[in-house]
A.B. asks: 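Please see the structure below; I have some questions.
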Amino acid sequence: MFPLYQSPILHQSLPILFEAKGFISAPFIDPTSKSELQAASILLRILMEKGKGVMGSRKWAVDFTDNSSTPSSRDIPDPPGFTRASHDQDDATLSRQKKDAEANWKSQKAWEVAQAPFKNLLMMGFMMWMAGSTVHLFSIGITFSALWQPLSALQGVGKVFEPYKDSKVDLNAPKLLYIALNLGGMLLGVWKLNTLGLLPTHASDWVSSLPPAHEVEYSGGGIALK
Amino acid sequence: MIYCSNHDPPAPLFFLYSSQRNPATDLEQPKSNLIAMAMAIKLSLLLLFFLSSLIPTFSLFEDQVGFMDWHQRYIGKVKHAVFHTQKAGRKRVVVSTEENVIASLDLRRGEIFWRHVLGSNDVVDKIDIALGKYVITLSSEGSILRAWNLPDGQMVWESFLSGSKSSKALLTVPANLKVDLDSPIFVYGGACLYAISSIDGEILWKKDFTAEGIDVHQLLLPDGSDVVHAVGVTDLSQFDTYEINVRNGGLLKHASASFPGGISGEILPISSDKFVALDARSSILVLISMKEGQIDLQQTHVSDLIHGSSGNTVILPSKLSGIFSISTDTFIAFIKVTNEGKLDVMQKVDKMVVVSDALSLSEGEQAFALVQHGDSKIHLSVRLVHDMSSNHLKETVKMDHERGYVHKIFINNYVRTDRSHGFRALIVMEDHSLLLLQQGEIVWSRDDGLASVIAVTTSELPVEKLGVSVSKVERSLFEWLKGHMLKLKGTLMLATPDEVAAIQKIRLQSSEKSKMTRDHNGFRRLLIVLTRAGKLFALHTGDGRVVWSSLLQSLRKSDQCTDPTGLKLHQWQIPHHHALDNNPSVLVVGRCGLSLSASSAMSIVDAYTGKELHNMGPAHSTVQVISLPFSDSTEQQLHLLIDADKRAHLYPRTPEAAEIFQRESENVYWYSVEAEAGILRGYGVKSSCNLGVPNEYCFETRNLWSIVFPSESERIIATVTRKANEVVHTQAKVIADEDVMYKYVSKNILFVATVSPKASGPIGSATPDESLLVVHLVDTVTGRILHRMSHSGSQGPVHAVLSENWVVYHYFNLRAHKYEISVIEIYDQSRAENKDVLKLIVGKHNLTAPVSSYSRPEVTTRSQSYFFTHSVKAISVTSTAKGITSKHLLIGTIGDKVLALDKRFVDPRRSLNPTQAEKEEGLLPLTDALPIIPQSYITHAFKVEGLRGIETVPAKLESTTLVFAYGVDLFFTRLAPSRTYDSLTEDFNYALLLLTIVALVVAIFVTWVLSERKDLQDKWR
């Protein structure tokens, strides 16, 4: 299946859709704008309650709009009651709204990403439970991957949230959640390590190679030699 | 095929396979990183869990025998020898020795045909050969008579002669006496005279002499007569002769003559009717002649006979017909007895001459041999009895002066091709070695002094020097490759039988193991052993050969030192850091007399050459030698010798040593165990001696404590301490659930076992109610009894071993009628609180602070007992360089074998149902008896006859320990109680590895080329 926003139906029905929702304050939509298309597709998804918008390369496009402001370039005169000036003014609000939507989407997305390790955590927990508490290849592998995954995820915190960087979006909270969840995962790994008995948390781990204390006195002797 | 005492191949094979191919698990590798170490421990614990069902044993494959072990058979100092040199069959000599061995030796090469060790409580009195096919031995004071088949040593019959009282033991085997188709043997023992059938050992008749009160000295059977003459002494002042019918034991005649002067020593027969004896003051020779049932005594003063002779006259026991010899302070005189009873001195020879018995030659002549010791030579002369003036034969044999003087000589003759008589002489030397001389040459020699090892120590070999010639390397490289190719063939089962033999030969005679240089693993060493003869031998651990031997001058009989005995052998100088140029040396301490107060003799001997560096002649007495844990700048170990007056003498006698000792003296203590009195005493060093002469190396000691065992209820039967050089890796013992127990590791623990006096006899002499065995653990610094435990209804003998924080001891349980082994482990309760991890991490603990016995640490003990099937001769424990490797008990069983028993079997924490965590720890479920796995006999098919001791020496390789077991035989092997986890096995096939690598490289190259070609073809397509 090709992405939803590329379907001709979408492109044809967009204005109608927008109309139907009473959503559009702007007189026309620029379908080539990716973000708008995406926003639309989100809408569509909301409407259809299924589907997913993923960016992809476009094979073809029809330009329904004409953004040129000079009337000379058009062969068709503006419809009556349409003033170009008002359109320009609307354009500003539109772009602001557009940005708001984008930010909204970004933050939503960021939260989503931030919550992703939770699923991982559950998965890991299940795996660990399956692995049992004796040390063997499987349990060791699970434990070390449980330790390694959060570690590598934490290293790439910036990279993960880069796509959602926006001056308007506060990424700190999702980042913190993300870090916290990963730390939780790591704790789980450490806990597993401990249940396997591989952590030096007992006195025996620290004294097992302690040499005997030096004795102050020396004594020798025995039965008289015969 | 497995080489073990149990021939039960399928199960052991699996066992071997699984236990050999698993890595060592029950030990921890030292690592710098604590966490890594902890993990390693956990991992090893885990692996242990996997292996907990497998108990490692030491069984080996048949072709591994002799690979790292050697076994030497000895017989000891020869007492009697009987030659058996008939024309047909192999020529042999049957000997009995002071180690109570009877053996048949090959006269050509000196090898043992067969041998029987009768043991220390069955002393051989007499041996002879009967019927030309039986060796007859009389032992245990004439109470056991046995016949052994001469060719193979099988016992033919055995007779127990129960005498009423102890007496001399005499054996006469008549050469050609026939009584009703039987040839009786006449035995006197237990004050009874027996005639015993030589065919089946039946007692034909018995004549009891108890009522007569006679002490029979000689049994004579004149040729052709059927009368036995028993000649003896009653009440030391009356000569008696009894004539007894050989057929029925009837008394035919009795004659006696009283001699008020009393007699000393033995009555010596001169001929069938003449005897000679010395009076009580050794000044009158009494000639006893029997004529027609009358005894005629003739007295001659020794001083009349030999002018200027002073006391100490002794009649030598050599039986020369018509002649006897007496020895005085200065010389030996041969005295001829004429038919009329006159005594004529025929010749005087040097006192050091040794005389053999007379030997009948074919023409009725008799000959005897004299051996005279010259300068690094011995002169053997054979003389005819009737013609003393000239030597029938005179030979000079070069003799190693390390063998000392000749002690005994036995001669035998043979007929040469020119019908003249040749002689062979078997001589026993001062160092107890046995040599056969023939035609002026030593035909063979046996170092039988090694049968009586009394002390063992070891020495490192010299460091390998640079400059090995290239050709040698090349040759050896070729040999090496060849050897490995052969091995590879063997592995792939392509080798022919000849090649298999060659492989085995290469393995056994690897020059690597018998080199005279130090090796990286510390397998090659010198075992330095002191024998009862006062001779020091250095044996190479690789093949057991004698590297050097040295008869110590200080332990030789001399005017100052009349009865020398060796006591102790200690390492004197162990160069490793400062004094690398010096050779290591050992200290030998001996005593000149039999009493404790006799003066001592000391020698310091170079361990590489066997040269005596210092020889400290008779000095103060020595009852105890204490090796102190201090050494001076030349790495000489400080020693304290305690004399009979409880003074301590410091050695080496240098100001530096004195200074070191003065500094440390307040912490040096010593203790004495007075076993007879039942007292333990502890002493401290007080001040310098006050003997008139200032002596800064002598110290007075003061009694600090005493433990007196009540003599009516306790008698000391065994004491054991820890080995001074034992290394303990850790003070903590990690038990199940990560818990930790702190061992009470002290060098100053003494294990003392006492029994009730009634139970101190042999097993069975006391009822269970009367016998009580009490064991104590005593701190020898303060005299504090750390632990005391009693086993009611048990008795000795107790054999024990103390190591780290545990003691294992073996005793007899009279109630259960079984031997038991008990273990006591002792833990330091005062350290038990050190369990806070944080404090341990930051180092806030007192676990490494020096401890004093005076701080009286609180201790707890755990103990457990198990049944054990065998009675035991010695117990020892393996020791390794760092003390990390798990330990095995080495138990010398009654069968003269050495059994290795994992210490895990004697763990007081064993319980019937161990928890999961305890199982993971490797704790075995409790069983009532200790298992004896036939494969765990480290001596495999060999026996160490007369086993007396087992020494263990750590190799440099932590996994490995060297074991030396000694008795009449010597046995050496290498053990890895947790398998060789730190090295490849010696049979590791390097050639196979090399071949595999080469094959892999070739395969990689070939596949690379192929893939390149395929790629190219793909691109053209």
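Naming convention: chains lettered A, B, ... in sequence-line order (proteins, then strands); numbering from 1 in each chain.
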A.B. asks: Heavy-atom distances under 4.5 Å only: say whether B:T565 touches chain A with side chain, backbone, both or neither.
C.D. replies: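 Interface part for B:T565: neither.
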A.B. asks: Salt bridge (charged side-chain N to carboxylate O under 4.0 Å, His left out) with A:K106: which residues, sequence neighbours excluded?
C.D. replies: A:E102, A:D166
A.B. asks: Which answer fits B:L594, side chain, backbone, both or neither, if we ask what part of it has an atom under 4.5 Å from a heavy atom of chain A?
C.D. replies: neither
A.B. asks: Only pairs of heavy atoms separated by less than 4.5 Å count here; which of B:P629, B:S627, B:G682 has the most with chain A?
C.D. replies: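 Of B:P629, B:S627, B:G682, B:P629 has the most heavy-atom pairs under 4.5 Å with chain A.
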A.B. asks: Out of A:G222, A:P211, A:A224, return the one with the most heavy atom pairs under 4.5 angstrom to chain B.
C.D. replies: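 Result: the option with the highest number of such pairs is A:G222.
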A.B. asks: Quick check on B:Y854 against chain A: is it the side chain, the backbone, both or neither that has a heavy atom closer than 4.5 Å?
C.D. replies: both
A.B. asks: Taking atom CG of A:L188 and atom CE of A:M124, what is their separation to the nearest 0.5 Å?
C.D. replies: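 Separation between the atoms: 8.0 Å.
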A.B. asks: Do B:L587 and B:H639 have side-chain heavy atoms sitting under 4.5 Å apart?
C.D. replies: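 B:L587 reaches B:H639 side chain to side chain.
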A.B. asks: Heavy-atom distances under 4.5 Å only: say whether B:L847 touches chain A with side chain, backbone, both or neither.
C.D. replies: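 For B:L847, backbone and side chain are both near chain A.
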A.B. asks: Can a donor-acceptor pair be found between the side chains of B:S672 and B:Q624 at a distance below 3.5 Å?
C.D. replies: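 Checked: B:S672/B:Q624 side chains show no N/O donor-acceptor pair below 3.5 Å.
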A.B. asks: Should the ring pair A:F161 and A:Y164 be called parallel, tilted or perpendicular, given that the plane angle runs from 0 to 90° and is split at 30 and 60?
C.D. replies: perpendicular
A.B. asks: Is B:K568 in contact with chain A via its backbone, its side chain, both, or neither, using a 4.5 Å heavy-atom distance?
C.D. replies: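 Only the side chain of B:K568 comes within 4.5 Å of chain A.
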A.B. asks: Check each atom of B:T721 against the heavy atoms of chain A and say whether the ones under 4.5 Å are side chain, backbone, both or neither.
C.D. replies: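 B:T721 has no heavy atom closer than 4.5 Å to chain A.
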A.B. asks: For chain A, which of B:I642, B:I841, B:V745 has the most heavy-atom pairs under 4.5 Å?
C.D. replies: B:I841
A.B. asks: I need the residue from B:A644, B:G883, B:S852 with the largest number of non-hydrogen atom pairs under 4.5 Å to chain A.
C.D. replies: B:S852
A.B. asks: I need the full list of salt bridge (Lys or Arg N to Asp or Glu O under 4.0 Å) pairs touching residues 148-165 of chain A, with sequence neighbours left out, sorted by first then second residue.
C.D. replies: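 Sorted pair list comes back empty.
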A.B. asks: Is B:D739 close to chain A through its backbone or its side chain, or both, or neither, when contacts mean heavy atoms under 4.5 Å?
C.D. replies: backbone
A.B. asks: For A:S219 and B:N748, test the side chains for any donor-to-acceptor distance below 3.5 angstrom and give the result as yes or no.
C.D. replies: no
A.B. asks: Tell me, side chain or backbone of B:V589 under 4.5 Å from chain A's heavy atoms, or both, or neither?
C.D. replies: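 Contact with chain A involves no heavy atom of B:V589 at all.
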A.B. asks: If you round to the nearest 0.5 Å, how far is CE of A:M127 from OG1 of A:T143?
C.D. replies: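 Interatomic distance, A:T143 OG1 to A:M127 CE, rounded to 0.5 Å: 10.5 Å.
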A.B. asks: Side chain, backbone, both or neither: which part of B:E676 has an atom under 4.5 Å from a heavy atom of chain A?
C.D. replies: side chain
A.B. asks: Looking at B:V781, is its backbone amide N or carbonyl O close enough to the side chain of B:W705 to form a donor-acceptor pair, meaning the two atoms are under 3.5 Å apart?
C.D. replies: yes
